[in-house]
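Start at 1 and go down the list; that is how both ligands and their atoms are numbered. Note that this is a predicted model, so its numbers are computed, not measured.
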Amino acid sequence: MILRKKLIAGNWKMNKTTADAAALIQELAGLIGKQTEVDVVVCPPFTAIESVARALEGSTLKLGAQNMHFESSGAFTGEVSAPMLRAFFATHVILGHSERRTFFGENDELINKKVLTALRNQLRPILCVGETLAEREAGATLKVVQAQTERCLEGVSKELAPSVVIAYEPVWAIGTGKVATTEQAQEVHAFIRGLLTKIFGEPAAQKVRILYGGSMKPANAPDLLAQKDIDGGLIGGASLEARSFVDLVNAASAAK
Ligand code: PGA
């Protein structure tokens, strides 16, 4: 029995106009829209959510967002809510990405509210955690990852825990071309699995997908995806072009 199906998620960040997004998703749907070996999620910018949602109809690809507010509606200029995303049949939402933490001041408390809201609305959070270069050099990696994981998951029930996806993204590896070694990544993934076991118990912890993110490319993916606790990838740069993203999905399929 496969306990954890591999998951490849594309984080398009602030890239692709509606027309560019439609072209990319059509290409992806044609190439991988029928495969069922790997869960594949694409996370376009909000402006392209509707056109991507339409293009995904009838395919196995899933739709995710890159962020959302924790309230359902109200006076929150510039924000988008969980029910708005659900209206497009989004299934996932990236929360606590390091770019949100760094450039938009998001902290663990806020991210925790978003995680709980996502789960209440049948959206699977892709919760990002990870250390900066300074924190790694100071030997604080596991301490930082532990604090982020525990605080962001506060109040999540054992029953809903398997719906959470965690993305370990060392901040120094995001968009830099510097990928964590397989040993560095597996060490943190195993540590996170241990933490989840303490919080939710073994059966639930074994079901949680823990993705690696940070300069994952077709060339380095097979080694990373072969690690025991690496259940997929959160892909930035390499998700913007169909060929490299498809190669990553194929690498995940081969690694299962
Ligand atoms: P990258 O981004 O693949 O471009 O490093 C990953 C991410 O930020 O999720």
Side-chain angles (χ1 to χ4, degrees), residues 6-16 20-21 24 28 38-46 48 52 61-68 90-106 111 114-115 118 123-133 135-136 141 144-145 148-149 152 164-182 184-185 188-189 192 209-225 227 230-252 255:
K6 291 258 194 291
L7 192 163
I8 297 289
N11 175 9
W12 296 2
K13 307 194 181 183
M14 196 173 70
N15 294 292
K16 308 282 179 196
D20 293 343
L24 176 57
L28 289 177
V38 178
D39 282 337
V40 181
V41 183
V42 290
C43 305
F46 289 134
V52 169
L61 304 178
K62 298 182 169 77
L63 177 66
Q66 300 173 19
N67 180 35
M68 58 158 220
T91 52
H92 291 70
V93 58
I94 299 171
L95 295 175
H97 190 281
S98 71
E99 287 149 18
R100 300 290 322 164
R101 294 177 189 258
T102 307
F103 303 130
F104 303 98
E106 293 201 9
I111 297 160
K114 296 184 178 196
V115 167
L123 281 166
R124 291 172 180 263
I126 302 179
L127 167 66
C128 302
V129 298
E131 82 288 1
T132 62
L133 185 58
E135 287 162 345
R136 176 160 282 270
T141 297
V144 167
V145 167
Q148 291 176 341
T149 308
C152 293
V164 175
V165 177
I166 296 190
Y168 168 57
E169 300 206 306
V171 178
W172 48 270
I174 296 177
T176 58
K178 274 188 222 152
V179 65
T181 65
T182 50
Q184 284 172 329
V188 179
H189 282 236
I192 294 172
R209 263 92 59 92
I210 308 177
L211 315 182
Y212 170 80
S215 298
M216 197 189 248
K217 306 269 180 297
N220 58 36
D223 282 348
L224 287 161
L225 293 168
Q227 303 301 306
I230 301 186
D231 307 312
L234 180 55
I235 320 295
S239 72
L240 295 175
E241 194 258 313
R243 194 62 261 165
S244 48
F245 192 62
V246 169
D247 286 349
L248 284 161
V249 172
N250 290 337

> Is it the case that Trp12 and Gln66 place a side-chain donor and acceptor less than 3.5 Å from each other?
Replying inline: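 Side chains of Trp12 and Gln66: no pair found under 3.5 Å.
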>> Under a plain distance cut-off of 3.5 Å, with no hydrogens placed, do Tyr168 and Gln184 share a side-chain donor-acceptor pair?
In response: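 No, because no side-chain N or O of Gln184 sits under 3.5 Å from a partner of the opposite role on Tyr168.
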> Can you name the one residue among Leu127, Ile166, Ile126 that meets side chain to side chain contact (heavy atoms under 4.5 Å, CB included) with Leu211?
Replying inline: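 It is Ile126, the one option of Leu127, Ile166, Ile126 that forms the side chain to side chain contact (heavy atoms under 4.5 Å, CB included) with Leu211.
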> At a 4.0 angstrom heavy-atom cut-off, what protein residues surround ligand 1?
Replying inline: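 Ligand 1 pocket, heavy atoms under 4.0 Å: Asn11, Lys13, His97, Glu169, Ala173, Ile174, Gly175, Gly214, Ser215, Leu234, Ile235, Gly236, Gly237.
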> Taking only residues two or more places apart in sequence or in another chain, which ones pass salt bridge (Lys or Arg N to Asp or Glu O under 4.0 Å) with Lys13?
Replying inline: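 If we apply the salt bridge (Lys or Arg N to Asp or Glu O under 4.0 Å) test to Lys13, skipping adjacent residues, the hits are Glu99.
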>> So, using ring-ring contact (aromatic ring centres under 6.0 Å, His included) as the criterion, who are the partners of Phe245 when residues are at least two apart?
In response: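 For Phe245, no residue satisfies ring-ring contact (aromatic ring centres under 6.0 Å, His included) once neighbours in sequence are set aside.
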> Sequence neighbours excluded, which residues qualify as side chain to side chain donor-acceptor pair (under 3.5 Å) partners of Thr141?
Replying inline: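 With neighbours one apart ignored, the set is empty.
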